[in-house]
Structure formats: C-alpha cells, structure tokens
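Throughout, a chain's letter reflects where its sequence line sits, starting with A, and its residues are numbered from 1. Given the structure is predicted, the values throughout are model-derived calculations rather than measurements.
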There are 2 protein chains.
Amino acid sequence: MKKDELRSDCPINYALEYLGDKWTLLIIRDLIFEGKQFYKEFLTSKEGIATNILSDRLKKLEAQGIVVSQVYEKQRTQKIYQLTQKGRDLIPLLVEAIIWSAKYKQGLNVSDEFIAKLASDKEQVITAIEAHIGTDTFSANRAQP
Amino acid sequence: MKKDELRSDCPINYALEYLGDKWTLLIIRDLIFEGKQFYKEFLTSKEGIATNILSDRLKKLEAQGIVVSQVYEKQRTQKIYQLTQKGRDLIPLLVEAIIWSAKYKQGLNVSDEFIAKLASDKEQVITAIEAHIGTDTFSANRAQP
DNA sequence: CTGTATCCTTAGGGATACTG
DNA sequence: CAGTATCCCTAAGGATACAG
C-alpha cells in the first residue's frame, strides 16, 4: 500500500490510518490535557518518546493540519506547537477513550471526579477543556521550558 | 517493553496499547456496524485482512474480554463472535472517530443523514446502535455465511 | 535546545501452504 | 470453512551521534 492511499473509504479506517500508531495520540493528549507546547516538553512524557519519532510525528501532524507551529517570540530558538480546530475536535474521541479505559482497567491515572463530571455533563466538560487550551491562564500555570 | 506491561498508567495510552493497531478497531467496527459475526465475514472486509492477522486479533480480543465466541448451533463447524459489554462500550469512541473523519475528509462513506442524526441526538443514536447489535431482527437482514 | 540523520533491531503484517 | 503455521519482508521504532 502506498502512503497517502487509504485502504478504504471507511471513516474509522481513516482515523486509524492517521492516528492509529502508538505515539500520535499521545502527543495530542499532551497538547490537550498537559498543556505541553514545546518539543522538550513532549520528550519528557512518561512513555519516553524518542527524538526522531517525535520529530517525525510533529511534522506529520502539521502536514495534516492538526497542529501548527510558530516561532516562540520570547525565545526565538524555540518553536511553539498548538492544536488547530481539527486537533481540538479530537477532544471528544480522547474523552471517550478515557472513559472506556477508566471503566475497564483499574489503577489508571484518572480521577473519580473527572469521570463523575463526564457522566453528568460530558458536553460541558469537553467545552471547558477546549476553552482553556493555549490560553494565558492556562499557560501561566506551566513552568517555562 | 514486555507485553502485558503498560508504558504508563495513562488511560489514553491504555486504549492505544490495546486498540491502537491497524486492524483491531476494524474488526470491532464490523461487529458493531456491519453486523458481522463469523470468521469468513470479517475476511471479506474492504481492507483485506489476512487470515493469520484475523485469527490473532480475534484471540486477543477474546482474551481481553471484548469479544466472546461460541459454537454456532445451526452450523457446528463455525463459531459465532459477539461483543461483550466491554466491546459495546466502544461504540461512543467509534462514533467520535466517524464524526471527526467525516468532518475533515471528503469522500468517505458516511451518510449525511447519519451525521445529522448524531448532531441532533448523539446519545440516542448510540443507544440505538447498541440495542440492535446481535438481535434477530438485525441478523435476519444478513445473508447466512 | 531543537531538531535531523544514521544505524540497527524488532514487531507487524502479507502471502500462502496447510490441518482439522 | 475455520483456523494455524511458516516464510519473508517491510515499516516502526529505539539508541545515539550529529547539526543548526
């Protein structure tokens, strides 16, 4: 199969081909839930991504329009990575993944409060997550890289 | 990394490790949306899964409690595969994948009506999908394998 | 520090023959 | 027909050195 050629026109297959490797969604997770925006920050994730893989995935995510990068003005040797709307629209999918995993696997790092909140008003939670991605309020809580 | 050993306790990572290959979710898709229940039926999917891969994935899905199999009484040389509740609980995740893909990729095989229905009452659609999985009404519409 | 390139190993997967 | 086993090849990914 050539790249850029889908195996089928099935929407699930499409998502799988673009997101269904072991790293891509973890980067998106970091952008959404961890507020990470810099190369080095992604490198520090628990799962331990290699530099070449990270570099490759960031490039692909940008090519697919899920992420945009720009020079970080306060530190012009660095780039800042941010989700596009296409990327933010993956929040519901990730939320469903969290719900499913939390339901069926003990000992994962998910707070009961978060699950309870989702159960009572999922839409509101998703909206709230989306709203505070990349805002100053949010960034202010993060250590500078 | 040894198998059976998660890279992290992140719920998204968990889902990824169990579902994040190029075939597993397609089998689950066939069980949910195509009403497929027999080995041969999965083999006929558009993406063209190989027999060894299918065999391997069915075994893993059963080991994980996402699928159960039993002898098909009407034809005792065959087994019938069905989703457990753990498997049916993946419907929302698949639905979100469909929504996302349909929004950002033209030409996929998704009806506008389906998307419209989802937009107006997602929960109801999910309930309806779950309700008719494996029912006789549903199976009756299928050709026997 | 942000990447990129290289080297090397392994796991995933396709084709296909085969067994019950 | 259901499922397994084998062979083989490629792509994914880890380690690490290197460049801007």
Side-chain angles (χ1 to χ4, degrees), chain A residues 1-5 7-8 13 16-27 30-31 36-63 67-82 142-145, chain B residues 1-5 7-8 13 16-27 30-31 36-63 67-82 142-145:
Chain A
M1 173 181 33
K2 281 187 257 158
K3 51 181 178 179
D4 276 53
E5 196 173 291
R7 292 182 294 185
S8 75
N13 181 58
L16 234 30
E17 300 217 15
Y18 282 102
L19 309 169
D21 72 289
K22 299 278 186 195
W23 291 111
T24 299
L25 278 183
L26 294 182
I27 295 172
D30 285 351
L31 283 157
K36 297 186 177 180
Q37 297 181 308
F38 296 92
Y39 188 87
K40 189 193 177 177
E41 295 180 302
F42 299 116
L43 277 183
T44 65
S45 290
K46 291 187 296 292
E47 292 86 7
I49 191 169
T51 58
N52 54 342
I53 310 286
L54 175 58
S55 176
D56 176 76
R57 294 305 188 280
L58 286 171
K59 240 183 300 181
K60 284 181 178 165
L61 283 170
E62 208 168 349
V67 157
V68 283
S69 72
Q70 61 191 103
V71 172
Y72 182 52
E73 285 303 329
K74 298 180 185 172
Q75 186 91 40
R76 298 187 53 86
T77 62
Q78 301 183 214
K79 274 164 104 177
I80 184 163
Y81 293 91
Q82 290 175 304
R142 297 171 40 253
Q144 289 305 314
Chain B
M1 172 179 38
K2 282 186 256 158
K3 51 182 177 179
D4 277 53
E5 197 173 291
R7 292 182 294 187
S8 75
N13 181 59
L16 234 28
E17 300 217 14
Y18 283 103
L19 310 169
D21 72 288
K22 297 279 187 195
W23 291 110
T24 299
L25 277 183
L26 295 182
I27 295 173
D30 285 351
L31 283 158
K36 297 187 178 180
Q37 298 181 308
F38 295 92
Y39 188 87
K40 189 194 177 177
E41 293 180 303
F42 299 116
L43 277 183
T44 65
S45 291
K46 292 187 295 293
E47 292 86 6
I49 191 169
T51 58
N52 55 342
I53 310 285
L54 175 57
S55 177
D56 176 77
R57 291 307 186 281
L58 286 172
K59 241 183 299 182
K60 284 182 179 166
L61 284 170
E62 209 169 347
V67 157
V68 283
S69 71
Q70 61 191 101
V71 171
Y72 182 52
E73 287 303 327
K74 297 179 185 173
Q75 186 90 39
R76 299 186 53 85
T77 62
Q78 299 184 215
K79 274 164 104 180
I80 183 163
Y81 294 90
Q82 290 175 303
R142 297 169 41 251
Q144 289 306 313

By side-chain hydrogen bond (donor to acceptor under 3.5 Å, both in side chains), which residues pair with B:Glu73, not counting sequence neighbours?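 Expected list: B:Arg76.
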Taking only residues two or more places apart in sequence or in another chain, which ones pass side-chain hydrogen bond (donor to acceptor under 3.5 Å, both in side chains) with B:Asp56?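 Partners of B:Asp56 by the side-chain hydrogen bond (donor to acceptor under 3.5 Å, both in side chains) criterion, ordered by chain and then number, come out as B:Lys60.
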Whole-Å distance separating the [atom1] atom of [X] from the [atom2] atom of [N]:
X	N	atom1	atom2	value
B:Lys22	C:dG14	NZ	P	11 Å
B:Ile27	D:dA2	CD1	C1'	14 Å
A:Leu61	C:dG3	CG	P	13 Å
A:Ile49	D:dG14	CD1	P	8 Å
B:Glu47	C:dG14	CD	C1'	15 Å
B:Glu17	D:dA12	CD	P	18 Å
B:Leu43	C:dA15	CG	P	13 Å
B:Phe42	D:dG3	CZ	C1'	14 Å

According to a strict under-4.0 Å criterion, is [X] in side-chain N/O contact with OP1 or OP2 of [N]?
X	N	value
B:Lys79	D:dA2	no
A:Tyr39	C:dT4	no
B:Gln78	D:dC1	no

Could you check if a side-chain atom of B:Phe38 sits within less than 4.5 angstrom of a side-chain atom of B:Ile80, using non-hydrogen atoms only?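 They are in side-chain contact.
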Do the non-hydrogen side-chain atoms of B:Val67 and B:Ile27 ever get within less than 4.5 Å of each other?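 In short, these two side chains do not touch, never coming nearer than 4.5 Å.
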Report the residues that fulfil side-chain contact (heavy atoms from CB on, under 4.5 Å) with A:Asp30, sequence neighbours left out, ordered by chain and then residue number.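 Listed in chain order: A:Glu34, A:Lys36, A:Phe42, A:Ser45.
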Contacts of type side-chain contact (heavy atoms from CB on, under 4.5 Å), residue A:Ser8, not counting sequence neighbours: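 For A:Ser8, the residues satisfying side-chain contact (heavy atoms from CB on, under 4.5 Å) (neighbours in sequence not counted) are A:Cys10, A:Asn13, B:Lys46, B:Glu47.
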Any idea which heavy atoms bring B:Tyr39 and B:Leu54 closest together, and the distance?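 Closest approach of B:Tyr39 to B:Leu54, heavy atoms only: O-CD2, 3.5 Å.
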Which atom pair, heavy atoms only, marks the closest approach of B:Gln82 to B:Gln37?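 Closest pair (atom of B:Gln82, atom of B:Gln37, distance): NE2-NE2, 3.3 Å.
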Which protein N or O atoms sit under 3.5 Å from an N or O of nucleotides 17-20 of chain C?
none

Apply side-chain contact (heavy atoms from CB on, under 4.5 Å) to residues A:Leu58 and A:Lys79 and explain how you reach the verdict. CA-CA 11 Å; A:Leu58 286 171; A:Lys79 274 164 104 177; over 6 Å; no
Would you mind telling me which of C:dG14, C:dG3, D:dA2 lies closest to the side-chain atoms of B:Ile53?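 Of all the options, the side chain of B:Ile53 is nearest to C:dG14.
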On DNA chain C, nearest-nucleotide positions of A:Asp56 versus B:Ala50: which is more 5'?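 The residue whose closest nucleotide sits nearer the 5' end is A:Asp56.
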Checking all strands, does A:Tyr81 fall into the base, sugar-phosphate, or nothing category for heavy-atom contacts under 4.0 angstrom?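 Here A:Tyr81 touches the backbone only, sparing every base.
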Taking only N/O atoms, report every protein-nucleotides 6-10 of chain C pair under 3.5 Å with atom names and distance.
residue: C:dT6; atom: O4; partner: A:Asn52; partner atom: ND2; Å: 3.3

